[in-house]
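Encoded as structure tokens, the structure appears first; notes follow it.
Counting starts at 1 for both ligands and their atoms, in listed order. Quick note: residue numbers are just sequence positions, from 1.
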Amino acid sequence: MNHDADAGTVDVAVAGGGLVGLGIAWRCAQRGLSVAVVDDAPGTGASHAAGGMLAPTAEVGYGEEQLLELCRASLARFPAFVAELEGESGIDVGLRTAGTCVVGFDADDMVALDVLHAFQRELGLGAERLTAREVRRREPALTPRLRGALHIAGDHSVDARALHAALRAAAEVAGVLMVPSNAAALWVRNGHAVGLELARGARMAAHTVVLALGARSAALPGVPPLPVRPVKGQILRLRGASGLLEGTVRALVRGRQVYLVPCAGDQLIVGATVEEKGFDETVTAGGVYELLRDAIEVVPGVSELELVEALARPRPGTPDNAPILGASAMPGLVLACGHYRNGVLLTPVTAEAVAELVVTGALPEFAMPFTPDRFGR
Ligand SMILES: Cc1cc2nc3c(=O)[nH]c(=O)nc-3n(C[C@H](O)[C@H](O)[C@H](O)COP(=O)(O)OP(=O)(O)OC[C@H]3O[C@@H](n4cnc5c(N)ncnc54)[C@H](O)[C@@H]3O)c2cc1C
């Protein structure tokens with residue numbers, strides 16, 4: 001290995017300490033590898049903003065059946081993943097299993113819900129059509145003005161910030177070294193990734209570099225071209241919502257989408273905008289207004305809550321909305337990015353797949369549709 005690596009040499013250097021990077025670091029360390037996570041502000045990217053929905057059935061989209069399978073595989077792993085993580089870290093990650101209601105307001109919303117329901121049934125996914133009265137029996141805080149709903153018993157949620165804290169703690173227990181530095185560039189020698197160049201000219205050598213910089217993955221100097229782009233999301237946190245909602249509520253409000261996720265004791269998350277604005281983390285009056293207007297229309301009691309946070313972060317988008325997992329064309333560089341709207345949900349399966357690749361050299365079958373070469377096909 002390289003002798004000018006003044007920041008040390010590890011088996012695996014993970015660039016990025018969001019949910020994806022930490023999950024991979026934890027699993028790699030558990031398998032006996034020396035691992036460092038390089039991030040000057042771990043968990044302040046998209047993982048800090050996420051609503052925490054684990055919702056493959058509610059989110060299903062046409063042409064995204066392979067992504068759905070990956071999401072379902074990850075959801076199936078969540079209970080065991082959480083139990084292990086909570087045991088290792090001592091941190092409760094707030095897994096909620098009360099399901100998700102998807103509600104609609106006008107005739108067009110109801111057509112959209114019926115189309116979604118038909119597609120879900122075609123794919124064998126569990127979703128039940130409810131009348132307005134039935135859904136309000138489940139979630140009494142919903143407005144009486146809605147027209148109808150779907151209930152998806154299998155779509156859950158987790159506290160994404162607690163999940164991040166737990167992963168960090170578990171990773172450190174497993175021996176992962178957290179390096180509080182920015183990665184300035186991929187360290188490349190003779191066409192091979194051999195480590196990371198850090199701030200102030202230091203270098204960390206690694207047998208394998210895992211690129212997990214979320215929306216910034218394509219922006220690291222030295223990384224071969226990668227179709228990852230930032231997709232801005234604005235999202236709100238409110239306080240005082242204890243007992244307001246049992247589970248997640250997603251709504252079509254005359255064609256506009258909003259979701260409400262109960263979280264962390266008495267908090268309620270309201271999200272989220274989807275904007276092609278590049279790396280823009282500005283919270284706008286219009287963004288906050290639209291989210292609150294629609295959330296209050298769905299659950300009038302929201303107007304009484306305390307607004308405690310509004311923030312914007314870039315989701316790591318890709319051309320097909322699916323993550324990029326696996327070896328890159330550059331030897332030594334493994335990709336784990338582009339998780340777009342599903343990075344919380346996909347954390348367990350991503351960690352498992354990438355650790356398996358790093359340890360054995362082979363990506364598990366379930367991750368094969370998501371290798372980077374699909375964009376060249
Ligand atoms: C508003 C919003 C709501 C969302 N809701 C959900 C949801 O309900 N369910 C779901 O599954 N997903 C959701 N997502 C998507 C999910 O948050 C992301 O897919 C996921 O967090 C991506 O994780 P990541 O670790 O790849 O990236 P990030 O969390 O962005 O982490 C990247 C890390 O890289 C670090 N970094 C960046 N540049 C450098 C550098 N040069 N050197 C060192 N470190 C660097 C950052 O500090 C950061 O810690 C949501 C996203 C947004 C924005």
If we number the atoms of ligand 1 from 1 as shown, the ones under 4.0 Å from a heavy atom of Gly16 are 34 (O)

Problem - Under 3.5 Å: donor-acceptor pair, side chain of Asp159, backbone of Val93 - result: no

Looking only at non-hydrogen atoms, the one of Asp39, Leu211, Val38, Val14 nearest atom 48 (C) of ligand 1 is Asp39

* Would a distance-only check, ignoring hydrogens and angles, find a side-chain to backbone donor-acceptor pair under 3.5 Å from Arg136 to Leu142? -> yes

Near Gly45 (heavy-atom distance under 4.0 Å), the atoms of ligand 1 are 29 (O), 30 (O)

among protein heavy atoms, the one nearest atom 5 (N) of ligand 1 is Gly51 N, 3.1 Å

Nearest heavy-atom approach of Gly18 to His164 is C-CD2, 3.8 Å

re atom 15 (C) of ligand 1, the protein heavy-atom contact at minimum distance is Tyr340 O, 2.9 Å

Per-atom filter on ligand 1: closer than 4.0 angstrom to a heavy atom of Tyr259 are 3 (C), 5 (N)

Met110 and Ala149 have their tightest heavy-atom pair at CE-N, 4.2 Å

Next on the checklist: Side chains of Glu84 and Gln30 only: does a donor on one sit below 3.5 Å from an acceptor on the other?
Outcome noted: yes

Heavy-atom proximity to atom 39 (C) of ligand 1 ranks first, among Ile235, Thr273, Leu213, Ile269, for Leu213

Interatomic distance, CG@Leu116 vs OH@Tyr62, rounded to 0.5 Å, equals 7.5 Å

Any N/O of Arg216 closer than 3.5 Å to an N/O of ligand 1?
no

**Item:** Polar atom proximity, Pro42 to ligand 1 (N or O, under 3.5 Å)
**Value:** no

*Is Asn182 close to ligand 1, meaning an N/O of one under 3.5 Å from an N/O of the other?*
yes

Ala41, any N or O under 3.5 Å of ligand 1 N or O: yes

Margin query: Below 3.5 Å, N or O to N or O, backbone or side chain included: is there any such pair between Gly52 and ligand 1?
Written below: yes

Has Arg374 got a side-chain atom pairing as donor or acceptor with Phe370's backbone, closer than 3.5 angstrom? yes

Could you please spell out the steps behind the side chain to side chain donor-acceptor pair (under 3.5 Å) verdict for Glu290 and Gln234?
-> CA-CA 10 Å; Glu290 284 167 21; Gln234 301 188 50; over 6 Å; no

Nitrogen or oxygen of Arg341 less than 3.5 angstrom from that of ligand 1
yes

Filtering Gly17, Ser47, Gly214 for the heavy atom nearest atom 29 (O) of ligand 1 leaves Ser47

* Can you tell me if Gly43 has a non-hydrogen atom under 4.0 Å from ligand 1? -> yes

Exam field: side chain Asn342 to backbone His339, donor-acceptor pair closer than 3.5 Å
no

Checking heavy-atom distances from atom 11 (O) of ligand 1 to each of Leu345, Leu22, Thr347, Val261, the winner is Leu345

- Are any of the N/O atoms in Gly233 less than 3.5 Å from those in ligand 1? no

Does Ala50, backbone or side chain, put an N or O under 3.5 Å from an N or O of ligand 1? no

- Hey, does the side chain of Ser303 reach the backbone of Pro300 with a donor-acceptor pair shorter than 3.5 angstrom? yes

Between Arg161 and Glu309 (salt bridge meaning N to carboxylate O under 4.0 Å), is one present in this structure? yes

Tested for side chain to side chain contact (heavy atoms under 4.5 Å, CB included) against Gln257, the lone hit among Val274, Leu252, Val102 is Leu252

Taking every heavy atom of Leu363 against every heavy atom of Leu325, the minimum-distance pair comes out as CD2-O, 3.9 Å

Filtering Ala336, Pro316, Gly18, Pro221 for the heavy atom nearest atom 22 (C) of ligand 1 leaves Pro316

for atom 41 (N) of ligand 1, nearest protein heavy atom and its distance come out as Ala183 O, 3.0 Å

Closest to atom 25 (O) of ligand 1 by heavy-atom distance, out of Leu198, Thr248, Val20, is Val20

Electrostatic pair Arg31-Glu356, nearest N-O below 4.0 angstrom:
yes

Atom 20 (C) of ligand 1 has as its nearest protein heavy atom Gly343 CA, 3.7 Å

Counting from 1 in the order shown, the ligand 1 atoms closer than 4.0 Å to a non-hydrogen atom of His339 are 19 (O)

Under 4.0 Å from one or more heavy atoms of Asn342, ligand 1 contributes atoms 10 (C), 11 (O), 12 (N)

Quiz prompt | N/O separation below 3.5 Å, Gln234 to ligand 1 | solution = no

Check: Is there a donor-acceptor contact under 3.5 Å from the side chain of Thr350 to the main chain of Thr347?
Finding: no

Of Met53, Arg313, Arg315, the residue with the heavy atom nearest atom 52 (C) of ligand 1 is Arg315

**Asked** Relative to Phe366, does Arg77 satisfy both conditions: NZ or CZ under 6.0 angstrom from the six-membered ring centre, and within 45 degrees of the ring's axis?
**Response** yes

Checking heavy-atom distances from atom 28 (P) of ligand 1 to each of Pro180, Ala46, Gly21, Gly23, the winner is Ala46

Numbered in order shown, the ligand 1 atoms found under 4.0 Å of a heavy atom of Leu19 are 25 (O)

**Study point:** From CA spacing to verdict: side-chain contact (heavy atoms from CB on, under 4.5 Å), Leu150, Arg129
**Key:** CA-CA 5 Å; Leu150 299 176; Arg129 188 75 162 75; 3.6 Å; yes

(message) Does ligand 1 come near enough to Pro314 that some N or O of the ligand is less than 3.5 Å from an N or O of the residue?
(response) no

